[in-house]
Amino acid sequence: MSLLVVLLTILTFSVPSATASASDHSYNVGDHVPFFVNKVGPLNNPSETYHYYDLPFCYPDPVIQKKESIGEVLNGDRLANSLYQLNFRQYKAGESLCQKKLKVVEIVKFRDVISNEFYFQMYYDDLPVWGYIGKVEDESWEKGTKYYLFTHLSFDVLYNGNQVIEIHAFSDPNHAVDITEDVDTDVEFTYSVNWNTTSTQFQNRMDKYSKASLLPVRQKIHWFSFINSIIIIVLLMGLLTLLIMRRLKNDLRKFSNSDEEEDKEVGWKYIHGDVFRYPPNLPLFCAVLGVGTQLLAMLFILFLLAFFGVLYPYNRGALFTSLVFIYTLTSIISGYTASAFHNQFSVTGWERSVLLTAILYLGPLFVTSSILNTVAISYGATAAIPFGTLLAILLIYAFLVIPLLAFGGVIGYCIRSEFQAPCAIKQYPREIPQLAWYRRTPCQMFIGGLLPFSAIAVQLHHLYASMWGFKIYTLPGILFVTFIILIIMTAILTVGLTYIQLSVEDHEWWWRSVLCGGSTAIFMFAYSIYFYSRSKMTGFMQLSFFIGYNACMCYAFFLMLGAISFRVSLVFVRHIYGAVKSE
């Protein structure tokens, strides 16, 4: 709890809040208001973005890059100064930005980005601004396709008192230059600024972006699908719980009334001497529990920050900054969990468990990020991580993550306790009988993953649409409830599958409980492939980023759900073997 309080305090002051101080955004008439250009990119490829000045727009001399946080850099933001001057409450009409002669190479570049529906993004007083670069018109078959470059931007700014509340940018179709032909073209870029008052308060100015996707029809569909999923899940969980509890009570009643000779023919009670034998590859198993617990704690803290308003749409880099800091500070949890569990069975070798914990998730993540970073560099995209940021992340890992991980491991070793099994463990393991195909691990993983996935499929679609599109997911409450339902569903199914496994005298349930619980992540990844096939995303870079980062996200869910499944299964197994007499 102390660590959580310190973490929330640090993040509250390090990450920009949704309700910024009024003194930070107050201006007098004519005062300069910060205006930055950011990036451009194709509408359907959110990962493929480029610096604004990669296109031959008007640019200041010199171009000054804004200093950005780690989260902003990881988010692909590259803010720079601009020639646009939108001083507070100063009207402008037809203001010239610059005049330039576009060469054929620049004409071809503009025509290419217009055909790919490129948009631009800017920031005015920390408010995002979007617009299209041009348009394509399909003329008659004799004239062919026409390409037009927008040369005039009209800014409509809303203010309340001495604060900016809202801004819109419109490209004027009446000020468009035909760039269909490969000829040098003289172009003058202009802009206008209009100011209007609004009654919206400054602290509510981000509500517009939070509610952008909550149109009445979509909201009704969203809530209907959510409630429908809740009803199906409750009915399914009630049915499974009823069947498992009734079968278990019958078994316990039979065991209490049976004599010793009949007791030897019982399924799950017959293997009481083997069921608590620790699993093979104990260090790896402990690492899975450690990382899964850490990721689970990190996810709950992210939900907490969303509820407090620290994380909200278009808070530049806040999510990635939070991820870096939270993962760093929660490393002590993974180190302690892995070490404490390992020391319950052996006081030697816990260092290997902690070492595996350090690389179990960050290792694949680093390899994937390095490959994707190479792809981004080859494309010249803003998703490429600069060397300075990469060095900062490595230093954080070396001087913060590893020491906290080791410290947690030492704590787990110092306060170690012996594993308390309700039954004595036999010296030699019992041979597992031949199992039917539907009782083996692949089939149980399929069942254990399909049902929880069906419960979250609708919300998962909305989440993917938010991550890889322009739909804003602003209902953390619904997302949190869905995650809790996923945990409950996974726990109940894992308990049921573990009970079925023990009933056929298969005592190797430790790893299988992890695999069955984490198998939902496999369905999540498969659905992401389906989502990509139905989207309009194209190109190798977007495909590689989509596959790579979705694989990392689903791998994290695999570790989280696997750790939860094992913990629940362990409690269940302890309970049933502690409820009967065992020799």
Engineer: Side-chain donor-acceptor contacts of residues 349-368 below 3.5 Å, not counting sequence neighbours, with atom names and distances?
Structural biologist:
| from | atom 1 | to | atom 2 | distance (Å) |
| --- | --- | --- | --- | --- |
| Thr357 | OG1 | Ser353 | O | 2.7 |
| Tyr361 | OH | Cys552 | O | 3.1 |
| Thr368 | OG1 | Pro364 | O | 2.8 |

Engineer: Sequence neighbours left out, what passes ring pair (Phe, Tyr, Trp, His ring centres under 6.0 Å) with Phe483? Give chain and number order.
Structural biologist: Phe300

Engineer: Under the rule for side-chain hydrogen bond (donor to acceptor under 3.5 Å, both in side chains), what residues qualify as partners of Ser339, not counting sequence neighbours?
Structural biologist: Asn343

Engineer: Report the relative orientation of the aromatic rings in Phe303 and Phe307; use parallel for angles under 30°, tilted for 30 to 60°, perpendicular for over 60°.
Structural biologist: parallel

Engineer: If I compare all heavy atoms of Leu390 with all of Ile385, which pair ends up nearest, and what's the gap?
Structural biologist: N-CG2, 3.9 Å

Engineer: Any side-chain heavy atom of Met489 sitting closer than 4.5 Å to one from Leu451?
Structural biologist: yes

Engineer: Mind checking side-chain hydrogen bond (donor to acceptor under 3.5 Å, both in side chains) for Ser569 and listing every partner two or more places apart, or none if nothing turns up?
Structural biologist: Thr498

Engineer: As a quick check of understanding, evaluate side-chain contact (heavy atoms from CB on, under 4.5 Å) for Leu302 and Leu323, giving each step before the final call.
Structural biologist: CA-CA 8 Å; Leu302 286 176; Leu323 286 173; 3.5 Å; yes

Engineer: Leu460 versus Met524: any side-chain heavy-atom pair under 4.5 Å?
Structural biologist: yes

Engineer: Taking the side chain as every heavy atom from C-beta outward, state whether Pro46 and Gln542 have any atom pair closer than 4.5 Å.
Structural biologist: yes

Engineer: With sequence neighbours excluded, tell me which residues meet ring pair (Phe, Tyr, Trp, His ring centres under 6.0 Å) with Phe558.
Structural biologist: none

Engineer: Run the ring pair (Phe, Tyr, Trp, His ring centres under 6.0 Å) test against Tyr327 and tell me which residues pass, sequence neighbours left out.
Structural biologist: none

Engineer: Report yes if the side chains of Asn550 and Phe531 come closer than 4.5 Å at any heavy-atom pair, otherwise no.
Structural biologist: no

Engineer: side-chain contact (heavy atoms from CB on, under 4.5 Å) for Thr520 and Phe557? Distances and angles first, verdict last.
Structural biologist: CA-CA 8 Å; Thr520 304; Phe557 272 94; over 6 Å; no

Engineer: Kindly write out the residues that satisfy side-chain hydrogen bond (donor to acceptor under 3.5 Å, both in side chains) with Ser331, not counting sequence neighbours, or none if the list is empty.
Structural biologist: none

Engineer: Determine all donor-acceptor pairs shorter than 3.5 Å in which one atom belongs to a side chain in residues 441-449; sequence neighbours excluded.
Structural biologist:
| from | atom 1 | to | atom 2 | distance (Å) |
| --- | --- | --- | --- | --- |
| Thr441 | OG1 | Arg512 | NE | 3.1 |
| Thr441 | OG1 | Arg512 | NH2 | 3.3 |

Engineer: Are any of the side-chain heavy atoms of Trp511 and Pro280 separated by less than 4.5 Å?
Structural biologist: yes

Engineer: Checking Gln459 against Thr482: is there a side-chain donor and acceptor pair closer than 3.5 Å?
Structural biologist: no

Engineer: Should Cys516 and Leu493 count as side-chain neighbours, where that means a heavy-atom distance under 4.5 Å?
Structural biologist: no

Engineer: Sequence neighbours left out, what passes ring pair (Phe, Tyr, Trp, His ring centres under 6.0 Å) with Tyr278? Give chain and number order.
Structural biologist: Phe345

Engineer: Between the side chain of Thr490 and the main-chain N/O of Leu486, is any donor-acceptor distance below 3.5 Å?
Structural biologist: yes

Engineer: Who passes side-chain hydrogen bond (donor to acceptor under 3.5 Å, both in side chains) against Ser346, sequence neighbours left out?
Structural biologist: Thr348

Engineer: Per the ring pair (Phe, Tyr, Trp, His ring centres under 6.0 Å) rule, which among Tyr577, Trp510, Trp509 passes with Phe276?
Structural biologist: Tyr577

Engineer: Taking the side chain as every heavy atom from C-beta outward, state whether Ile547 and Ile529 have any pair of such atoms under 4.5 Å apart.
Structural biologist: yes

Engineer: Tell me whether the centres of the aromatic rings in Phe546 and Trp468 are closer together than 6.0 Å.
Structural biologist: yes

Engineer: Once salt bridge (charged side-chain N to carboxylate O under 4.0 Å, His left out) is applied, what residue pairs with a partner in residues 271-287 remain, sequence neighbours excluded?
Structural biologist: Asp274-Arg277

Engineer: Give a yes or no on whether Tyr336 atom OH has more than 12 heavy-atom contacts from other residues, nucleotides or ligands under 6.0 Å away.
Structural biologist: no

Engineer: Can you confirm whether Leu74 sits close enough to Val324 that some side-chain heavy atom of one is under 4.5 Å from a side-chain heavy atom of the other?
Structural biologist: yes

Engineer: Side-chain donor-acceptor contacts of residues 409-419 below 3.5 Å, not counting sequence neighbours, with atom names and distances?
Structural biologist:
| from | atom 1 | to | atom 2 | distance (Å) |
| --- | --- | --- | --- | --- |
| Arg416 | NH1 | Tyr413 | O | 2.7 |

